[in-house]
Student: 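Sharing a structure here in structure tokens format.
For this chain, numbers begin at 1 and follow the sequence in order. Order of listing sets the numbers, starting from 1, for every ligand and every atom in it.
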Amino acid sequence: MYRTGFGIDFHQLTEGRDFWLGGVKIEHSKGALGHSDADVLLHAICDALLGALALGDIGTHFPDTSAVYKNIDSKILLNRTYELVQQKGYKLVNLDSTVCLEQPKIKPHVAAMQAVIAALLQVTVEDVSIKATTTEKMGFAGREEGLVAYATVLLQKV
Ligand SMILES: [Zn+2]
């Protein structure tokens, strides 16, 4: 009846890349490095959705060796991932997530991210929790070399 899933994703931060997070482009001096648009939050959510149904991970379904996914908008990846969930007869109940990064501050952008993700996953914004924390200047996130996102989901059989 119910399935839970967990996802985690990491990306390096580098100059000369757009900063995409939660499907929203944010002005910043750096962006995440990756084969796609490197949206760490959407990737973690994809992995949580796949994990809930033991469908493997994002790399299985959207290999970073494929030219098809070069610089692809991760909203497309999330949309396709949710189609797989629906094909298995499940729907999202709610999701919770946390992004760990030093800069930029994402609080002003959370509502926009919630709206994008809720629309893609056909839930209300109250069903999409996005939190953020720094690592108190410690480690790679604290040095602004990269960022991490964690996500959990609850799915219900339709
Ligand atoms: Zn990723």
Student: Return all protein N, O or S atoms below 2.8 Å from the Zn ion (ligand 1), chain by chain in residue order.
Tutor: D9 OD2, H11 NE2, H43 ND1

Student: What closest approach, in Å, do S129 and S97 show between heavy atoms, and which atom pair accounts for it?
Tutor: O-OG, 2.8 Å

Student: Using the side-chain contact (heavy atoms from CB on, under 4.5 Å) rule, pick out the option among L41, I58, L121 that qualifies with L78.
Tutor: L121

Student: Would D37 and K75 pass as an ion pair if we require N to O under 4.0 Å?
Tutor: no

Student: Could you tell me whether a side-chain N or O of D127 sits under 3.5 Å from a main-chain N or O of T124, the two making a donor and an acceptor?
Tutor: yes

Student: Using the rule given for side-chain contact (heavy atoms from CB on, under 4.5 Å), can you reason through I106 versus L21, listing the C-alpha separation, both sets of side-chain angles and the distance that settles it, and then say yes or no?
Tutor: CA-CA 9 Å; I106 69 158; L21 190 69; 3.7 Å; yes

Student: Can K30 and E144 be counted as an ion pair, charged N to O under 4.0 angstrom?
Tutor: no

